Amino acid sequence: MENGTAEPVPRVGVVVFLLREKSVLLGRRRSTGVGDSKFALPGGHLEFGENFEECAAREIKEETGLEIEKIEFLTVTNNLFLDETKPSHYVAIYVRAFLKDPNQLPQNLEPTKCDGWGWYEWDNLPQPLFSPLEKMVKENFNPFPSSS
Ligand SMILES: CC(C)CCOP(=O)(O)OP(=O)(O)O
Ligand SMILES: [Mg+2]
Ligand SMILES: [Mg+2]
Ligand SMILES: [Mg+2]
């Protein structure tokens, strides 16, 4: 069917593994959409005209106030949320990044969408995880540079 109807279409999200030593930044989502009350990486919808790095930096700034650098593409996953009250379909572009200032603290700038941000050891992640991240962890995905 043509897209003129209210038919849902796949959307693109850029999701950021913001790394600090052996930890990643996670926040518990308060979402009217997908992943409500699950721990998830920061990130969001790719907006028209952005490249992946621009989207990552913008979403991190919007959500946490943090300035990031060394943004690098890692992988892409196809995520179907067909059982949700409002079915959705996201292609998730995963990047990793680092803090420009390692001492900068995250702020919760969107308290209606997130309970707050925290650094969590990759080997000791909180539960429950947002399903796309849960799947990557179960498949032993490693977001860290090989040298680390
Ligand atoms: C679900 C995810 C892969 C893409 C959308 O992320 P999000 O709901 O955090 O989007 P926004 O930050 O843009 O509101
Ligand atoms: Mg956002
Ligand atoms: Mg977001
Ligand atoms: Mg957004």
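From a predicted model like this one, the values you see are computed outputs, not experimental measurements. In each ligand, atom 1 is the first atom listed, and ligand 1 is the first ligand listed.
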Checking side chain to side chain contact (heavy atoms under 4.5 Å, CB included) for the pair L41/V16: CA distance, chi angles, key distance, verdict? CA-CA 6 Å; L41 298 161; V16 186; 5.9 Å; no

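Side chain of R29 to backbone of V34: a donor-acceptor contact under 3.5 angstrom is found. Judged by distance alone, with hydrogens and angles left aside, the side-chain atoms of R30 form a donor-acceptor pair with the main-chain N or O of P111 at under 3.5 Å.
Of the protein's non-hydrogen atoms, E63 OE2, 2.7 Å is the one closest to atom 12 (O) of ligand 1. Closest protein heavy atom to atom 6 (O) of ligand 1: G44 CA, 3.6 Å. Protein heavy atom in closest approach to atom 3 (C) of ligand 1: V15 CG2, 4.0 Å.
Across N79 and A92, no two heavy atoms sit closer than the pair ND2-CB, 3.4 Å. The shortest non-hydrogen separation linking E67 to Q104 is N-OE1, 3.1 Å.
For the residues Y90, F130, F81, the heavy atom positioned nearest atom 4 (C) of ligand 1 is part of Y90. For atom 9 (O) of ligand 1, the choice among E59, K113, H45, R29 with the nearest heavy atom turns out to be R29.
Screening E63, E47, E53 for a salt bridge (charged side-chain N to carboxylate O under 4.0 Å, His left out) involving R58 leaves a single residue, E47.
At under 3.5 Å, not a single nitrogen or oxygen of E110, backbone or side chain, sits near a nitrogen or oxygen of ligand 1.
Residue pairs satisfying the ring-ring contact (aromatic ring centres under 6.0 Å, His included) criterion with at least one member in residues 24-64, sequence neighbours excluded, are listed as follows: F39-Y120, H45-Y90.
Linking Ile, Leu, Val, Met, Phe, Trp and Tyr residues whenever their side-chain heavy atoms come within less than 4.5 Å leaves L133 and L18 in two separate clusters. Hydrophobic clustering keeps V76 apart from V15 (ILVMFWY residues linked when any side-chain heavy atoms are closer than 4.5 Å, directly or through intermediates).
When heavy-atom distances to ligand 1 are checked against a 4.0 Å cut-off, V34 comes that close only through its side chain, counted from C-beta outward.
Using a 4.0 Å cut-off between charged nitrogen and carboxylate oxygen, E72 and R96 count as a salt-bridge pair.
Any protein N/O/S atom under 2.8 Å from the Mg ion (ligand 3) was counted, giving 2 altogether.
Under a 4.0 Å heavy-atom criterion, G43 is in contact with ligand 1.
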